[in-house]
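See structure below.
Quick note on labels: first sequence line is chain A, next is B, and so on, each numbered from 1. Just so it is clear, the model here is predicted, and its values are computed rather than measured.
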Amino acid sequence: MKEVSSSYQALEIEDSVQQYWKEENTYEKVKELHRDGDDFFFVDGPPYTTGHIHLGTAWNKIIKDCLLRYHRLCGKNVIARAGYDMHGLPIEVRVEQMLGFSSKKDIERFGIGPFIERCRTFAATNKDIMSEQFKRLGVWLDFDDPYQTMHPGYIEAAWWTLKRADEEGMLERGFRVVNWCPRCATAIADAEVEYWDERDPSIFVKFPVEGVDGEYLVIWTTTPWTLPANVAVAVHPDFLYARVEAVRDGKKEVLWIAEDLVESVLRKGRYQDFSITGKRSGKEMCGMTFHSPLREQVPLQKEISHRVVTADFVTMENTGMVHIAPGHGWDDYLLGCRENLPIICPVDIQGHFTGEAGMLSSLFVKDADPVVLQELGHHLLASDQVVHRYGHCWRCKTPIIYRATSQWFLKASLLKERMLEEVKKVTWYPEWAGSARFYDWIKEARDWCISRQRYWGIPIPIWTCSSCGKHRVIGTIRELEEASGVPVQDPHRPWVDQLTIPCSCGGSMLRVEDIFDVWFDSAVASWATLGFPARADALESLWPADFITEGQDQTRGWFYSQLGASTIAFGRAPYRSVLMHGFALDAEGRKMSKSLGNVVTPEEVIKSQGVDVLRLYVLSQSAPWDDLRFNWDGVKNMHRAMNILWNVYRFPLPYMILDGFSPRSGDGTWNDEFIRGRFSSLSPEDRWIVSRVNTLALQVTGDLSECQLHRASRAIIGFILEDLSRWYVQLVRERMWLEGEAPEKTQAYETLYYTLRTLLTVASPFIPHITEAMYRNLQIPGDPESVHMLQWCTGDPVLRDENLESAMDTVRSFDEAQANARQAGKRKLRWPVRECVVVAETPNVVEAISSLNHICRDRANARVVRAVCGTWERIGWRAEPVMKALGPAFGKKAPLVKDLILNADGNAMKSALDAGETFILGQGEGCFEISPGQVTFAQQLPEGVFSAPMQGGIVYVDVALTPDLEAEGYAREIIRRFQEMRRQMDLKVEDFITADACIKDPRVCKAVEESWREGIMEEIRAVSFEVHGGECPAGTHHAVEKEWDVEGIAMTLSLSRASQQ
RNA sequence: GGGCCCGUAGCAUAGCCCGGUGGUGCGCCCGGCUGAUAACCGGGAGGUCAUGUGUUCGAAUCACAUCGGGCCCA
């Protein structure tokens, strides 16, 4: 054991602990220690390699680390490889920016090969940066060998999974409408679309009914550019539609509009007059034909026969008729398939109109909006703008469009039932994350478009024959090598694109150019991280994962993608339990974002407060599944708590070291035998803290098993602050100061040692650095070398004494109350009081106060502390009239009764009323019967007695002074001032002094001199000490002399360091 | 527009499942302690429990609606 720095130096401690872990390879040793334990397979949700972590990422890893450390301490063989998500558009976009590219053409010119290399380097560099940041947080995962989605072995896992999908008939090529990013020129998944408000045109358009001049169907749309792809109008089969003859500017038109919406539409179109001349239901409308108002401008439209169809999704809004462009909308597409409508899409991959769109050709779709409006001419019934939620590419923020293209799909919609079944089998924290949130999301599951027309990703391992059209899915690299006859140097584009496979038809198969949706990468993580399919042993023994935890945004992300892929490949969920955690928000509850300027980085918190502080803060601040509002005050407060832990730990060290204390041990390894063997005979405060720390361990164990990290960490903080620092350490301080051999002292050392060791074990998952530093200093030679190699403590019932804990609660309540009463009586704690009396409501309180009486006396600085049940004879009661009750009862005589009450014997009245009787006041004619409710009673305390309520009673403190008490009070004042002067002189605790005191007041001087000279001498370690009255005698030359005013008495205190004794 | 979560003193939170006098920490004011001391401890002030309606003898707690925030979806 060594003495330690006087305040908590987080950075220093954490640096040295991390250095130690690194040098000693502690993490590896801990893993080795539990190699034979039960397996606990954890899969790290791979962060995307952006190159920096934010508070949310830090919180995520801290939650993981805390729980995994707990499982390791419980003896589990924890398998926890870190992972990184390294492919995909975000990186492509960053690399494009670095290279100054703006489109795919730039990339093709630059060369796919070199471009891929840039992406690879970018991802790898970021991965290393992030690993360092995570390690800095004290996170113990396998960072030396993380799973990486760009590794060939990982890519194989994705290939293998796709092959499984093909075997199961779940893979399909389809011409469908997909979300499309025109900038990235690729399909994107539903999960990649971000929604926010966008201002768009809101237009009402008249579609001319075929063969009838001046008759129109009126539709509404926010995407004018989709009109060139219109093929139909949808009506609701059950709505009524009106044939309206409307007049505008003297011209008459016939319009078809849903009946209920006629007026609002006509108002928008500024029609002056109208009359309804006919009605048809949607069903009757069905089959009407019309032509496009853009038929002259868009040649494609001339070739299409347009008709009215019915659809249930039509709502009674706008015009009650929906323009249908199956090439540009999901509902439209489905309807088009059902009604056998032509699916046209005159828009290219970059969102420009093709030649089919005639005069719009080569215009970007959004830029075409005003042109379309212009060209609609009189067909434009009304034009306005609307702000509505619109989807955007989650990486480049470009508004998406819907585009019908040929893509590869996993038929997830067919798996819905199976997935729902699996979700029910998983244990969710909190329960509703699975039963409500995830369940609802899966119910909406659509087929999963897994193909992307990009570069940096896992190539889709499908080869198709150019002559016969057959396709083949490749499951492994070896299979590809065998099929192509060429060694695969890199399974990425463009290398794999060059490999051809001979087809059975004699033709040659080429790879489809697409790569996987990046969400498919991480979807296979749970088996890819186990080296599958290259090796199957780990998969067989470990899979599925015992536990995963990620943020709530991963409901639609990783929780779902994994479930989908796993259900296809293995027919079951890939995880047994899932903790869904919240988001890190700023103090106002807003998302942290660069544009709001409210971003707090983990680095800045670590730098100013330390890693353990950050960890304990995020773990205790909110329930894992609630959002975390980051608050600097809260962080600083946590630093304070850590400082108290540090103080509690360092406080006994000097004494232990001075005494050469070493805890009793068995075979060189510390164990709890000493405490265990003596538990029942320990002094009450020792037994109490032992019980408390076991209760703590029990609670923390229970909380951790339910992922209640906030409860567990709050319990630990509460224990440190309330039980250890504010109570136990206060109670045992004096025992630490005993000199020489003293059994009470040794027992205090042993108890405190036991308590700290137990506390360190249960706190180590939360605050791994400080606990390691403390443990390293406290351990004895045979002990395991790291706190993280200890065995978890679940709280031993044998070492708990609940009655004692409850009695101590009472005493603590007494302590607060007596301090309160003293404060009311303006008697400082240094001054002893004659008596404290507790008037208790229950025998338990009496029992607690008497059995722990020495603690009560000590805390209250009272000669006597006693508890009585019922009443204390020195308390009197004064009756006070309740006029509200007296008025009705006594009418005009009420004032008379009031005076009688005020002068009555309150004590007698109270005992009568308390006994349920009435009380007679006055005599003869003026005799009144007082009943309960007509009076209240106020305490009448004797002079010098002050009271305060406590749990289950009231505390009375008699602060009146006696000469004896007064002498001690002054003596304590003198001692304290000498101690302060010693400190000013920088004297060591063990140094001796010579001292003198001059007290002007002869009475006080005499009292102190007679009964306290020797006591003071001992306390201040003086070899000589004289008390003088009046002026200080000349000739005493002391190093320090100071005038003091002690409660109005002037004193001069002086002292010198004594020569060596 | 839909699903889920959240809204409690200046700030951060407990309590809500299972209704019965709203606790705690920070900050603020006052005090104590002085061998953990540029530390530590006590006391006090401070609340329309987001709003409204309902159920109930009684609602922070249950129900419904509204408003605000977050995540997800259409």
Side-chain angles (χ1 to χ4, degrees), chain A residues 4 6-8 190-191 193-195 313 315 317 330-331 388-391 430-441 443-446 551-557 559-560 580-591 617 620-623 625-638 640-641 643-655 710-711 714 717-718 721-722 725-727 729-730 733-734 736-737 815-824 826-831 859 861 948 972 975-980 982-983 987-990 1019-1021:
Chain A
V4 296
S6 65
S7 67
Y8 172 52
D190 291 340
V193 179
E194 264 186 17
Y195 292 84
F313 62 75
T315 56
E317 287 170 311
W330 181 247
D331 285 335
H388 64 156
R389 305 265 289 167
Y390 195 83
E431 191 274 335
W432 50 259
S435 67
R437 200 180 176 124
F438 197 41
Y439 202 86
D440 288 346
W441 161 247
K443 277 199 289 197
E444 305 293 318
R446 294 197 286 168
Q552 48 190 337
D553 54 330
Q554 297 304 329
T555 305
R556 69 164 176 172
F559 296 162
Y560 175 67
M580 183 193 83
H581 67 74
F583 260 60
L585 310 172
D586 74 3
E588 276 76 52
R590 286 174 205 279
K591 208 168 154 177
Y617 173 74
S620 64
Q621 178 64 6
S622 54
W625 42 85
D626 283 338
D627 289 340
L628 183 149
R629 292 178 171 219
F630 183 86
N631 182 285
W632 274 108
D633 284 345
V635 178
K636 286 177 189 147
N637 192 29
M638 202 53 67
R640 194 181 134 255
N643 189 38
I644 293 175
L645 172 62
W646 187 254
N647 281 339
V648 164
Y649 149 71
R650 98 183 157 88
F651 156 72
L653 289 179
Y655 312 112
H710 60 310
R711 291 198 181 173
R714 286 170 191 173
I717 296 164
L721 264 46
E722 287 299 326
S725 167
R726 288 177 197 164
W727 198 242
V729 165
Q730 304 310 320
R733 285 159 77 112
E734 298 197 7
M736 300 273 154
W737 303 335
D815 182 40
E816 280 179 22
Q818 68 79 19
N820 197 344
R822 257 180 186 274
Q823 194 165 334
K826 293 197 178 6
R827 181 68 68 217
K828 293 197 260 184
L829 189 55
R830 246 189 330 263
W831 289 64
R859 295 294 301 173
N861 191 12
R972 295 272 163 227
I975 290 166
R976 209 223 100 201
R977 284 172 174 78
F978 269 120
Q979 301 290 25
E980 190 173 321
R982 284 181 63 115
R983 181 191 314 283
L987 293 184
K988 293 197 187 103
V989 173
E990 60 270 22
E1019 290 274 351
I1020 65 176
R1021 284 180 87 81

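The NE2-C1' distance, from A/His581 to B/G70, rounds to 15 Å in whole Å. In this structure, A/Arg629 places its CZ atom 12 Å from P of B/C71, rounding to the nearest Å. When the P atom of B/G70 is taken as reference, atom CE of A/Met580 falls 16 Å away, rounded to whole Å. Rounding to whole angstrom units, CE of residue A/Met638 and C1' of B/C11 are separated by 14 Å. What separates CH2 of A/Trp441 from C1' of B/C5 is a distance of 18 Å, to the nearest Å. B/A39 atom P lies 16 Å from atom CD of A/Gln730, rounded to whole Å. Rounded to whole angstrom, the span from the OH atom of A/Tyr560 across to the C1' atom of B/C71 amounts to 18 Å. As rounded to whole Å, 14 Å separates atom C1' of B/A74 from atom CG of A/Asp440.
A gap of 7 Å separates the C1' atoms of B/C16 and B/A60, to the nearest Å. Across the P atoms, B/G52 and B/C67 are found 15 Å apart, a figure rounded to whole Å. B/U24 and B/G43: their C1' atoms are spaced 16 Å apart (whole Å). B/G10 and B/G46 have their P atoms separated by 12 Å, with the value rounded to a whole Å. Rounded to the nearest Å, the gap between the P atom of B/A63 and that of B/G23 is 25 Å. Across the C1' atoms, B/C57 and B/C71 are found 41 Å apart, a figure rounded to whole Å. Comparing the same atom, C1', in B/G15 and in B/U21 gives a spacing of 14 Å after rounding to whole Å. Atom name C1', nucleotides B/C18 and B/A36: the rounded distance is 44 Å, in whole Å.
Checked against salt bridge (Lys or Arg N to Asp or Glu O under 4.0 Å), A/Arg1021 has the following partners two or more places apart in sequence or in another chain: A/Glu739. Scored by the side-chain hydrogen bond (donor to acceptor under 3.5 Å, both in side chains) test, A/Lys636 finds no partners at all (sequence neighbours excluded). Every side chain to side chain contact (heavy atoms under 4.5 Å, CB included) that A/Arg714 has, sequence neighbours left out, goes to A/Ser620, A/His710. Applying the side chain to side chain contact (heavy atoms under 4.5 Å, CB included) criterion to A/Glu816, with sequence neighbours excluded, gives no partner residue. The side chain to side chain contact (heavy atoms under 4.5 Å, CB included) check on A/Lys826 picks up nothing, with sequence neighbours excluded. Listed by chain and residue number, A/Phe583 satisfy the side chain to side chain contact (heavy atoms under 4.5 Å, CB included) test with A/Asp553 (two or more places apart in sequence, or in another chain). Residues satisfying the salt bridge (Lys or Arg N to Asp or Glu O under 4.0 Å) test with A/Asp815, not counting sequence neighbours, are A/Arg859. Taking the ring pair (Phe, Tyr, Trp, His ring centres under 6.0 Å) definition, one finds that A/Trp432 meets it with nothing, sequence neighbours left out.
Each of A/Ala433 and A/Trp330 was assigned the nucleotide of RNA chain B with the nearest heavy atom; the assignment lying further toward the 5' end belongs to A/Ala433.
A side-chain donor-acceptor contact under 3.5 Å links A/His581 to the backbone of A/Gly551. Within the 3.5 Å criterion, the main-chain N or O of A/Arg827 finds a donor-acceptor partner in the side chain of A/Arg822. A donor-acceptor pair under 3.5 Å is formed between the side chain of A/Tyr617 and the backbone N or O of A/Asn631. The closest donor-acceptor contact from the side chain of A/Glu1019 to the backbone of A/Gln979 lies at 3.5 Å or more, if one exists at all.
Nucleic acid contact for A/Ser7: none, since no nucleic acid atom lies under 4.0 Å from a heavy atom of the residue. Across all strands shown, A/Asn643 has heavy atoms under 4.0 Å from sugar-phosphate atoms exclusively, and none from any base. As judged by a 4.0 angstrom heavy-atom cut-off over every strand, A/Glu1019 is placed among the base-contacting residues. Nucleic acid contact class of A/Tyr8 (heavy atoms, under 4.0 Å, all strands): none. Here A/Glu980 lies out of heavy-atom contact (under 4.0 Å) with every strand.
The number of heavy-atom neighbours closer than 6.0 Å to CD of A/Glu734, taken from other residues, nucleotides and ligands shown, is 12 or below.
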Tabulate atom names and distances for all N/O pairs under 3.5 angstrom spanning the protein and nucleotides 14-17 of chain B.
residue: B/G15; atom: OP1; partner: A/Arg711; partner atom: NH2; Å: 3.2

Between the protein and nucleotides 31-33 of chain B, are there any N/O to N/O pairs under 3.5 Å, and if so, what are the atom names and distances?
residue: B/C33; atom: OP1; partner: A/Arg830; partner atom: N; Å: 3.3
residue: B/C33; atom: OP2; partner: A/Arg830; partner atom: NH1; Å: 3.4

Could you pull out the protein-nucleic contacts involving nucleotides 25-28 of chain B (nitrogen or oxygen on both sides, under 3.5 Å)?
residue: B/G25; atom: O2'; partner: A/Asn637; partner atom: ND2; Å: 2.5
residue: B/C26; atom: OP1; partner: A/Arg640; partner atom: NH1; Å: 3.2
residue: B/C26; atom: OP1; partner: A/Arg640; partner atom: NH2; Å: 3.3

> With Watson-Crick and G-U wobble geometry limited to distances under 3.5 Å, how should the secondary structure of RNA chain B be encoded in dot-bracket form, using | for bases paired to another strand and [ ] for crossing pairs?
Replying inline: (((((((..((((......[..)))).(((((.......))))).....(((((..]....)))))))))))).
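Minimum atom distance to the side chain of A/Glu816 is reached by B/G43, of the listed B/A39, B/C5, B/G43. Nearest nucleotide to the side chain of A/Ala819, out of B/U34, B/C5, B/G42: B/G42.
Put simply, CD1 on A/Ile644 and CG on A/Leu721 are 4.0 Å apart, with the number rounded to the nearest 0.5 Å. The CZ atom of A/Phe630 lies 9.0 Å from the CD atom of A/Gln621; values are rounded to the nearest 0.5 Å.
Aromatic ring centroids of A/Phe438 and A/Trp441 lie 6.0 Å or more apart.
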